[in-house]
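Remember, it's 1-based here, ligands and their atoms both numbered in the order they're listed. All values below were derived from every heavy atom in this structure, side-chain atoms included, with hydrogens, water molecules and symmetry-related copies excluded. Owing to the predicted nature of the structure, the values given are computational and were not obtained by experimental measurement.
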Amino acid sequence: MKHLVAPSLLSADFLNLAQEIEMINTSEADWLHMDIMDGVFVPNISFGFPVLEAVKPLLKKPMDVHLMIVEPQKFIQQVADAGAYMMNVHYEACTHLHRTIAAIKEAGMKAGVTLNPHTPICLLEDILQDLDMVLLMSVNPGFGGQRFIEHSVTKTARMKEMILSKGLSTLIQVDGGVNEETGKRLVEAGADVLVAGNFVFKSSAPKQVIRQLKAL
Ligand code: DX5
Ligand code: ZN
């Protein structure tokens with residue numbers, strides 16, 4: 001499968017969100033990645049449901065929601081109602097991950113589990129078969145524009161091996177510090193979805209940058 005590109009709205013111009021969504025709609029982007037932070041699970045606060053709900057009617061691409069919050073299970077129905085295609089919850093934030101994944105699917109969404117940089121992939125051994133996607137953080141979550149953690153390339157390759165060894169087709173998404181150089185190595189290592197915030201939205205030619213990421 002050709003890899004997908006999911007620009008992260010966190011780095012967009014919030015005064016001109018409608019124009020940013022139009023840029024996404026008319027670009028080669030596959031999904032729009034949306035980062036929700038609570039100031040507890042991560043040391044930052046981003047945006048919440050009012051922004052998702054405002055974006056949804058304009059957006060012509062699937063909405064990929066990354067919840068960097070404690071107790072994400074409390075918000076499953078609200079995320080579904082806001083129109084999410086994919087709901088990503090952090091492994092580190094879910095005590096009853098199996099129950100949470102089942103509830104996400106029952107609400108009609110695809111289910112993703114996110115691992116912080118220090119969280120080993122072996123912890124997914126007994127849940128992988130229930131997941132649509134694994135999201136590997138290649139920075140510590142909470143901020144855009146951080147430096148890529150090199151170990152993420154090896155981690156992606158090992159994740160791919162685990163998925164293939166189980167005969168699964170779970171997607172691997174990588175998020176944080178992705179540009180044309182890190183993105184290329186991630187795709188070679190087996191990444192299926194590249195998230196990119198700063199690299200896309202801080203560029204003077206975001207659609208060309210998206211095309212460049214798609215062409216890796
Ligand atoms: C970080 C977020 C990312 C962020 C990536 O906590 O999960 O999605 O927007 O931004 P860049 O691509 O700038 O590292
Ligand atoms: Zn994210």
Can you find an N or O of Leu10 that's nearer than 3.5 Å to an N or O of ligand 1?
no
Ligand-side contact atoms (ligand 1) for residue partner Met137, heavy atom cut-off under 4.0 Å:
7 (O)
Regarding Thr182 and Asn179, is there a side-chain donor-to-acceptor distance under 3.5 Å anywhere?
yes
Any side-chain donor paired with an acceptor under 3.5 Å for Asn16 and Glu20?
no
For Asp175, the N, O or S atom at the shortest distance from the Zn ion (ligand 2) is OD2
Near Pro141 (heavy-atom distance under 4.0 Å), the atoms of ligand 1 are 6 (O)
Establish, from distance only, whether the side-chain atoms of Asn198 and Ser11 form a donor-acceptor pair under 3.5 Å.
yes
Quick one: report the N, O or S atom of His33 that is nearest to the Zn ion (ligand 2).
NE2
At under 4.0 Å between heavy atoms, which part of Phe199 makes contact with ligand 1: side chain, backbone, both or neither?
neither
Report yes if Val195 has an N/O atom closer than 3.5 Å to an N/O atom of ligand 1; otherwise report no.
no
Before signing off on this row, confirm whether Gly145 and ligand 1 have an N or O atom pair separated by under 3.5 Å.
yes
Who's the nearest protein heavy-atom neighbour of atom 10 (O) of ligand 1, and how far?
Gly144 CA, 3.5 Å
Taking only non-hydrogen atoms of Asn198 and a 4.0 Å limit, the atoms of ligand 1 in range are 11 (P), 12 (O), 13 (O)
Using a plain distance cutoff, I'd like to know if Ser11 has any nitrogen or oxygen under 3.5 Å from a nitrogen or oxygen of ligand 1.
no
In the protein, which heavy atom is nearest to atom 1 (C) of ligand 1, and how far is it?
Phe143 O, 3.5 Å
Please report the shortest heavy-atom distance between Ser203 and Ala205, naming the atom on each side.
OG-N, 2.8 Å
With clusters defined by side-chain heavy atoms of hydrophobic residues (ILVMFWY) lying less than 4.5 Å apart, directly or transitively, does Leu4 cluster with Met86?
yes
Tell me: protein heavy atom nearest atom 2 (C) of ligand 1, and distance?
Asp35 OD1, 3.4 Å
Check each atom of ligand 1 against the heavy atoms of Ser8 and keep those under 4.0 Å away; list them by number with element.
4 (C), 8 (O), 9 (O)
Hey, is ligand 1 close enough to Gly197 that some N/O pair sits below 3.5 Å?
yes
For residues Asp64 and His66, is any side-chain donor paired with an opposing acceptor at under 3.5 Å?
no
Return yes if a side-chain donor-acceptor contact under 3.5 Å exists between Ser8 and Asp35, otherwise no.
yes
Decide whether an N or O pair under 3.5 Å exists between Asn140 and ligand 1.
no
For His33, counting its heavy atoms only, list the atoms of ligand 1 lying under 4.0 Å from any of them.
8 (O)
Which atoms of ligand 1 are found less than 4.0 Å from any heavy atom of Met68?
6 (O), 7 (O)
Looking at His66, the N/O/S atom that lies nearest to the Zn ion (ligand 2) is called ND1
Closest approach of Pro7 and Trp31, non-hydrogen atoms and distance?
CD-O, 3.2 Å
Where ligand 1 meets Ala196 - atom numbers and elements under 4.0 angstrom, heavy-atom basis:
12 (O)
Please could you name the atoms of ligand 1 that Asp175 approaches to less than 4.0 Å, counting only its heavy atoms?
2 (C), 3 (C), 4 (C), 5 (C), 7 (O), 8 (O)
